[in-house]
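Note that the structure is predicted; figures quoted are calculated from it, not measured.
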Amino acid sequence: MVRFSTQAGSAKSYNVLMGAAAATAVGSGVSLYYLNKNSAHANMEADGLHPADHPFPQKKLMGTFDHASIRRGFQVFKEVCAACHSMDLVYWRNLVDVAYTEEEVREMAAEYQYTDGPDDSGDMFERPGKLTDPIPRPYANEEAARAANGGALPPDLSLITKARHGGVDYIYALLTGYCDPPAGVEVREGLNYNPYFPGGAIAMAQNIFDGVVEFEDGTPNTASQISKDVVTFLNWAAEPELDERKKIGVKALMLFSTLTAIALWIKRNRWHTLKSRKVVFNSPKNWQQQQQKKN
Amino acid sequence: MVGGFTKSISSFTYRTFFKKESTYFTTVVASGVAFSIAFNTMFEKYWDSKTAGTKWVDIKGRYIKE
């Protein structure tokens with residue numbers, strides 16, 4: 001019987017057993033990962049087609065936002081998406097010094113009317129928007145949104161890139177992935193086929209086409225460029241702290257790894273006396289022999 | 001008169017900075033402040049060069065009205 005103990009048994013059988021255990025662990029890990037990634041099953045449509053890996057700069061470990069893209073993306077959102085989607089958690093003031101100057105945001109906010117009040121006679125009144133107002137909602141409440149969209153609720157987009165599995169890749173693939181359903185797949189009246197949407201049938205129709213928005217900085221307005229910019233804007237809306245977080249993160253990695261290395265060295269330095277000492281046990285059996293040798 | 005001592009840099013550092021707790025503490029705080037300023041300045045320069053052209057401060061020049 002082979003035991004793992006190093007006190008009994010030969011080193012060779014121990015090494016063989018350890019090697020076999022390690023190989024089993026690594027082999028099963030690799031196999032399970034491969035099976036998970038490449039499994040095919042009858043209900044894959046329910047998971048949605050896995051989106052491709054797109055090179056958004058903010059996805060990299062030390063990557064940050066392209067703020068020109070955020071600016072274009074907000075323009076796309078305002079002109080195309082805001083007709084149906086709310087963004088309750090983003091306020092006009094959040095855009096200042098991120099994608100627009102303060103004057104530009106004041107102008108944009110003032111284009112919209114907000115209900116405020118009550119005034120001194122107790123009535124609510126309408127006034128132009130201020131920096132402290134949220135991005136305006138297209139519908140007053142969920143019921144109005146559902147009624148205007150065939151029973152489907154266009155989700156709030158403030159956190160959508162964090163709220164969907166696949167993040168920016170998924171949203172981009174969804175926006176650009178509309179196509180005809182494959183032979184035999186029926187999509188009911190009112191829904192549209194999109195392979196990336198779990199289930200395949202999404203209530204939102206394709207809204208982003210070539211040239212649907214004109215960019216002021218002259219960027220070519222292809223459907224893929226428009227989608228890329230709006231996805232970058234949505235990512236910023238969900239993670240406005242990303243630039244600062246990545247910066248602090250890199251600093252933290254640098255400092256902590258240095259301090260850890262120093263700490264490890266200091267520990268080994270303080271312990272080296274103990275670790276390199278030799279302890280000799282002079283058994284009483286030897287005392288008599290030693291006494292005789294001395295004499 | 002100073003007592004006998006080893007004429008090495010490490011011995012000098014120990015006697016001047018590390019032997020008394022008051023000087024040790026001052027050394028720790030002062031080098032911490034100095035390191036912090038130096039590290040942050042150098043890192044900021046490095047980070048700004050890595051993210052050149054993408055930040056708001058880089059593009060706001062196009063949109064300021066005089």
Seminar exercise, completed: Ranked by heavy-atom pairs below 4.5 Å to chain B, first place among Thr64(A), Val98(A), Asp66(A) goes to Val98(A)
Exercise. By a 4.5 Å heavy-atom criterion (distance strictly below it), what part of Thr101(A) contacts chain B: side chain, backbone, both, or neither?
Worked result: both
Problem set entry | Side chain / backbone / both / neither for Leu255(A) at chain B, heavy atoms under 4.5 Å | side chain
Exercise. Has the side chain of Asp229(A) got a donor or acceptor atom that lies under 3.5 Å from a matching backbone atom of Gly73(A)?
Worked result: no
Exercise. Chain A heavy atoms under 4.5 Å from Tyr63(B): which part of the residue, side chain, backbone, both or neither?
Worked result: both
Exercise. Between Asp133(A) and Trp92(A), does any side-chain donor sit less than 3.5 Å from a side-chain acceptor?
Worked result: no
Problem set entry | Exam field: side chain Gln75(A) to backbone Val230(A), donor-acceptor pair closer than 3.5 Å | no
Problem set entry | 4.5 Å side-chain heavy-atom contact, Lys19(B) and Tyr24(B) | no
Exercise. Any donor-acceptor pair under 3.5 Å linking the side chain of Asn207(A) with the backbone of Ala205(A)?
Worked result: yes
Seminar exercise, completed: Looking only at Val57(B), Thr51(B), Thr54(B), Asn40(B), most heavy-atom pairs under 4.5 Å shared with chain A are made by Thr54(B)
Exercise. Does any heavy atom of chain B fall under 4.5 Å from the side chain of Glu103(A), the backbone, both, or neither of them?
Worked result: neither
